[in-house]
Amino acid sequence: MIDIEKCNDDHIDDHVDEEIFNCLNLKNLKSFFLFAGAGSGKTRTLVSVLERFRDQNYQQLQLNGQRIAIITFTNAACEEIQRRLDYDPLFSVSTIHSFIWELIREFDKDIREWLDANLNNQIDDLKLQLSKGRKGTKTYVDRVKSLEIKEKRINNLENIKHFTYNPSGLNQSKESLSHSEVISIGAYFLTNKPLMGKILVRKFPILLIDESQDTNKELINAFFEVERKNNNIFSLGLFGDTMQRIYSDGEVNLGNSLPDSWSKPVKKMNHRCPPRVIKLINKIRSTVDGQEQRERTDKNEGFVHMFILHSKTDKRNAEKKVVQRMAEITGDPKWEIVDADYTTLILEHHMAANRLGFIDMFEPLYKNDKLKTGLLDGSLSGLQFFTRIILPIVEADEIGDKLKITNITREYSNLLKFQKGERDQLLRISKARGAVDKLLSLWDDSKDPTCIDILQCVAELNLFEIPDSIFPLSVKEKKEELISEEITADGKSDVLIAWFESLNAPFSQIRAYDSYINDKSRFMTHQGVKGLEFPRVMVIIDDSEARGFLFSYEKLFGVKDKTEADKKNENEGKDTSIDRTRRLFYVTCSRAEESLAIVAYSTEPELVKKHVIQEGWFNESEVEILNVQ
DNA sequence: CGACTATATTTTTTT
DNA sequence: AATATAGTCG
């Protein structure tokens, strides 16, 4: 009897699909806010409702030349939804940035006007700051530079026929808008230019927004405005969970003051996490809004375990130990080091670089603003030289795959680009083979050559073309010249010095970097895992290693007291850094499908232990202070 | 020397 | 957006 009731529990959210489907009636469109927590099957709802909608309305939309827009926060989420909708062109699935860009890109004249006004404001601000600030400091120099750039840009505005959107640190063209400009322009146009709203509604009668709690607040309010003006002919559908708001420009009170006409379905189930994890996240949430998720009846209980270590512990050893303990506790061999399959969540990228061992090549490039984005998305040509040519050759050599080496060489090497009807092809092939062998001899006796060594070797052999960005480093004994360039310190030598420092790292770091950037490693950031799920999750918490200032786990865990700013925010009913950290903690914990390990480095392990037990997050038996050398 | 002020630090988003 | 630290003023 009880079992049957429980089984039905797994389906308590089924009515939600129906409710949303009813909003999407083209004759009388209605907006909705779906409260959908972690693992609530939000994407499944989205997909099944849209498929049903398509079956009934395909022709009419086709006839009107209309589509359904679904906008997501990250590319990962965008791809996932596209895939699950079978890449049907009826659905325009895009990130919020590309969606807004597509909306505004034709309006060059209006963009120019907006930019002119916006740049003028910024220039005024900068001038004010310059007049108040101290001279000769780094910030002063940066401000002067920034002012120059902005003045140049504003003077050049009238020459720009078409604006573009390809902001990457290095080759940012004069025509390009930045990420935040695109969003701000979109919000401004939607609010102040009625035509824009009409175009939007005409093209996309239905607009669904994933992770709406993190959508830029000006923009989300602009969408609300469009919705208000287009009752019944436009449906705005928001999917979100306020507890998972982890970016600072989301609308704080989203969902609190929605018009009565909106449908407000709530999903209660969590289909992802095991009962023990759900108990934990409900508890973490209890002081915020008391919303509780229900567990599935068909899941194993699952595991949560917290390991507390002193901040000065050796982290590699500590985390090895944690993994061993998790294997013992859960009896799950996938926590074992031998065939490990768990995901480690770090707060900031450099924490992954430390753990995967590529910090030496990472840090110099990361510090340089022009190289930072390219480093993180793997698009730097100077690194692709190593990751796409050298690394595959080295890996092919390790398994003795001669054919693969030849293929890579043929694809990239100058030595194997034949003229038509050229003679002596065999000679050149053997020459190229000899050159590759020479290059590979750098790894003889299990040596780990530096990237500079490899670069110079390749240059000497004339084996592969060397990207412009690192070409100056391919000439041997260039070091002194670099240092003299440093003294002149123009922008370009900054970049070159960063490259020089980075490429002094051993090549093995390139392999580690490549695995991280191309998602082959087990590491992800706390903020980057939004919407994702993994069977085994290890959350690394370490304020002392983190550099940012947005989150403070030491405060959340009761080690550090509330600051004046926290008390002030609390009194004014505003978000405090503790609230913010709690939400991030909630997001990371709610990724786990089977077992969850929290690894907290603290200056006061005993205090942390006391606090997390007192909060009711963990039982005594689930918390251990590890002493690792 | 105490009091005050300026500065640096992070995540995600594109073609 | 919050705070530790470095720097400056009286």
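The model shown is predicted, which means the values in this text are computed figures rather than measured ones. Every chain is numbered from 1 and lettered A, B, ... according to where its sequence line falls, protein lines coming before strand lines.
Map A:Ser248 and A:Trp101 each onto its nearest nucleotide of DNA chain B; the residue landing nearer the 5' end is A:Ser248. Toward the 5′ end of DNA chain B lies the nearest nucleotide of A:Arg143, the other residue of the pair A:Lys372 and A:Arg143 mapping further downstream.
The only member of A:Ile470, A:Leu391, A:Asp514 that meets side chain to side chain contact (heavy atoms under 4.5 Å, CB included) when paired with A:Phe386 is A:Ile470.
Backbone-only engagement by A:Asn569 is indicated by non-hydrogen atom pairs under 4.0 Å involving sugar-phosphate atoms exclusively. At the heavy-atom level, A:Ile246 lies nowhere under 4.0 Å from the strands shown. Within the 4.0 angstrom heavy-atom criterion, only backbone atoms of the sugar-phosphate kind lie near A:Lys555; the bases stay farther away. Counting any heavy atom pair closer than 4.0 Å across all strands shown, A:Phe99 reaches no nucleic acid atom. Using a 4.0 Å heavy-atom distance criterion, A:Ser180 is classed as making no nucleic acid contact.
Between A:Thr95 and A:Thr74 there is no side-chain heavy-atom pair separated by less than 4.5 Å. Looking only at side-chain heavy atoms (C-beta outward), A:Tyr165 and A:Glu181 stay at 4.5 Å or farther from each other.
Among all heavy-atom pairs drawn from A:Ser577 and A:Asp566, the shortest one is OG-OD1, 3.0 Å.
Nearest to the side-chain atoms of A:Asn166 among the listed nucleotides B:dT12, B:dT15, C:dA2 stands B:dT15. Ranking B:dT14, C:dA2, B:dT11 by closeness to the A:Tyr165 side chain, first place goes to B:dT14. Out of C:dT3, B:dT14, B:dT10, the shortest distance to the side chain of A:Pro167 is found at B:dT14. The listed nucleotides are C:dT3, B:dT13, B:dT12; the one nearest the side chain of A:Asp566 is C:dT3.
B:dT15 atom P lies 10 Å from atom NE2 of A:His179, rounded to whole Å.
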